[in-house]
Amino acid sequence: MDPAAGPYITGWSALSPFGVGREPFAAGLAAGGGEAVTDPEHGPGLRVRDFDPASLLAPRSIRTLDRMTLMSITVAGLLLDEHADSLGPRSGSVGLVLGTSTGSIDSIVGFTKDTFVQDKPYFVDPAAFPNTVINGVAGRTAIWHGLRGLNSTVSAGHLTALATLRYATRLIRRGYAETLLVGAVEELSAPVALAAGRLRETWAAPARTSLGEGCVMFLVDSGATARREGREPLAAVADLAFGVTLPDDPPWARADHLAGLIESVLRRNGLEPDRIGAVSLAQSGESDLDEAERQALDRALGADHGRRVQVSRQVGDCFSALGAFQLAALLAEAAPDARPALVTSLGADGAAACALITS
Amino acid sequence: MSAGLAGDGAARGARRVVITGIGPVSSIGIGAERFARGLAEARSGVRPITAFDTAGFAHTNGCEVADFDPAARLARLDPDSVGRAAQFAAAAAGLALRDAGVDPARLAQVPGLISVGTTDGESQDLDRLTELCVRGGLDELPPRLVRRVPSSWLSASVAHEFGLRDVEAVTLPTACAAGNYAIGYAYDVLSLGEAEYALCGGADAMCRKTFAGFYRLGTIAPTACAPFDVDRRGILTGEGSGMLFIEPYESAVRRGAHIYAEILGYGLSCDARHPVAPDRSSIVECMRRAHRNSAVRPEQIDLISAHGTGTKANDLTEAAAVREVFADAAPPTVSIKSMIGHSMGAASALSAIACAVAVDRGFIPPTINHVSTDPECGLDCVPNTARRADLRIVQNNAFAFGGNNAIVLFGRCDERTPAREVAAA
């Protein structure tokens, strides 16, 4: 580890369809299956398994917290607990950079519903109001754990997790923060299932993934902090590239554009395509996007280089959390590949991103 | 970690970043000239709310952007493909680019950053989706509306409108401090040399959800917003967007651009105590971080554009924090929310634009609707009438739900006395 380099990922945890924590996620991926957890109340999709926040967070009251916030609090807690020894009293100055597309749609819709159905439009639950603001999850998570470091919320559609990592690594490089919890959260609820279902009906081909949800967080340290505190680096987010294609660009532009981003990352880091060990793809389920992502990789790396990892097959399309699951899937591998890896993402809004992950 | 947002080392030797274009879309005027005139003339953007059905609410004033015609304001972007907040952001970015005298086609040749802050994203679309759910119109739920919901559209639509492919487009939904978060982030990215320009700011659209929430909390003023007044009654919700075109100092000089102000630095803090109540010690810490990051001492600051929502709690807490940091020498501290209401994610971006205008044109925008200053606040809020002033360094405060505080500092930047040299003197 080079203390001048970094920032480094020194820990991670997850809430996934495989259960609570890192181990069930790693075991579930290794077993290869993704088992749909259907819940008639919340529509079809892959729900987080065994998530019982009341008992996980007992004895503290979770009364005014929504499910998305509880997911975030739980994962942050797992990570903070695991590293309690090395964080010590410094855990109070850890910051949080959290990715979410729009916060909890379920909370927003539930709160707004009362403005239509109650006797007066302002007969809403004041305690639930903070849950309807997009940064409510990050704010409440910081309050729960007493995280008084920097606190930010980042949103970039399917690219959210990569944009969040980019934001967080810049805060550390600027010297504003030393240790951050960095992650993304997505919640599958009845309104989301309904709305996404309507959108999926308009796709050219049937969706290739279920809807998903979950939360992944990484502990990210500056190089100096990781060394000082004795936290072992698991990986570094060595480089990222972002771009946008436009609505009137030709259909093949999406693949060309992402291929260009991948090539620029390889070039900047002096890497030939054959040095890439694995690529963790988004493959979020819309056939055109998925096809463009695969073409881009074939073009930039050649079909033979970079073992393809597709976590969305097992956790579903977790939208703003998908990128975090993509990175976690690389970290979860039992026999980690020491070679650099890529994480790629394409959004329905035309945005594209590529991250280079090194050990 | 105790260093927090110190960043002294980070700031020195890094590239200087200046504002060369401003794009305000506000209830007191759209475009640099109208907005500046509105501030100077102490105009009020208050009018009865039309964005949603206000039946059942006893008072219904707000600060809407009237006469915003998205089709006339947008060139490439299909107005129907995005929500009102994204329309605002793209239109505001266009105003900023024109004001900066920058051709988007040339911009497309260099790497850029688009960062847009927001509180609620496409809140009107979410209102509408909820209404459809309630009224049993699930089958009519238009996919077009669903597609517009992710708040990432606020930044992506700016890229679409100007044909910018080599950009990192990010939305920072850090509520009512989001504009400052977005400007601070853009400042960092340009300082680091990782982009050659940025379009940064914030946007939000008036919505039923947020109005009802503040109404229930008892923080909606019956008629007018009167920050720092002893009889202040709360906020008026507003909407709009403020987008800034910022670039490295060298590039502005090279192309002979008019420089409004330099971004000297910023500070963030999180109090992690209460989801809605402001926290004085955290605001104090945020100010001190902003000052350290900008290498500025409190006595050098000529003006504070306050968060100044006009609620009892905010104004008292903010004033106490200002007095703690500035001792007995607090500079004039004004709230443009008295004129444009609380435009949520756009608020601190429009306030940043007001700071740029104030420095550039040499006047302090007033705090209107002011009758009698709350002695407990004890600040010179420049009541009711703009004041001529020679402003070198100004401070822009923003505090948000979730305890997210962000403060940005701006300095005058004429060639003979670059702001940083003034600050170091």
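All chains are named by letter (A, B, ...) in the order of the sequence lines, taking the proteins before the strands, and each is independently numbered beginning at 1. Computation of the quantities below employed the complete heavy-atom set of this structure, encompassing side-chain atoms and omitting hydrogens, waters and symmetry-equivalent molecules. Here the structure is a predicted model, which is why all the values come from computation and not from measurement.
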Report which part of [X] has an atom under 4.5 Å of a heavy atom belonging to chain B: side chain, backbone, both, or neither.
X: Lys113(A); value: both
X: Arg140(A); value: side chain
X: Asp248(A); value: side chain
X: Val154(A); value: both
X: Thr245(A); value: backbone
X: Ala351(A); value: neither
X: Asp249(A); value: side chain
X: His145(A); value: neither

I'd like to check [X] versus [Y] (side-chain heavy atoms, cut-off strictly below 4.5 Å). Are they in contact?
X: Val109(A); Y: Leu129(B); value: no
X: Ser151(B); Y: Ile134(A); value: yes
X: His160(B); Y: Pro247(A); value: yes
X: Ile105(A); Y: Leu126(B); value: yes

So which part of [X] gets closer than 4.5 Å to some heavy atom of chain A, the side chain, the backbone, both or neither?
X: Asp204(B); answer: neither
X: Asn404(B); answer: side chain
X: Leu217(B); answer: side chain
X: Phe401(B); answer: both
X: Phe214(B); answer: both
X: Phe57(B); answer: both
X: Val149(B); answer: both
X: Leu164(B); answer: backbone
X: Ala178(B); answer: neither
X: Arg144(B); answer: neither

How far apart are the closest heavy atoms of [X] and [Y], and which atoms are they?
X: Leu199(A); Y: Arg147(B); result: CD1-CB, 3.8 Å
X: Ala156(B); Y: Asp349(A); result: CB-OD2, 3.8 Å
X: Pro173(B); Y: Ser155(A); result: CG-CB, 3.7 Å
X: Phe129(A); Y: Lys209(B); result: CE1-O, 4.1 Å

Notebook entry, point to check: Tyr176(A) ring centre to Arg289(B) NZ or CZ under 6.0 Å, with the angle to the axis within 45°?
Noted result: no
Check: How far apart are the C-alpha atoms of Glu168(B) and Arg170(A), what are their side-chain angles, what is the distance that settles it, and do they pass the salt bridge (Lys or Arg N to Asp or Glu O under 4.0 Å) test?
Finding: CA-CA 14 Å; Glu168(B) 188 180 332; Arg170(A) 278 176 176 147; 2.9 Å; yes
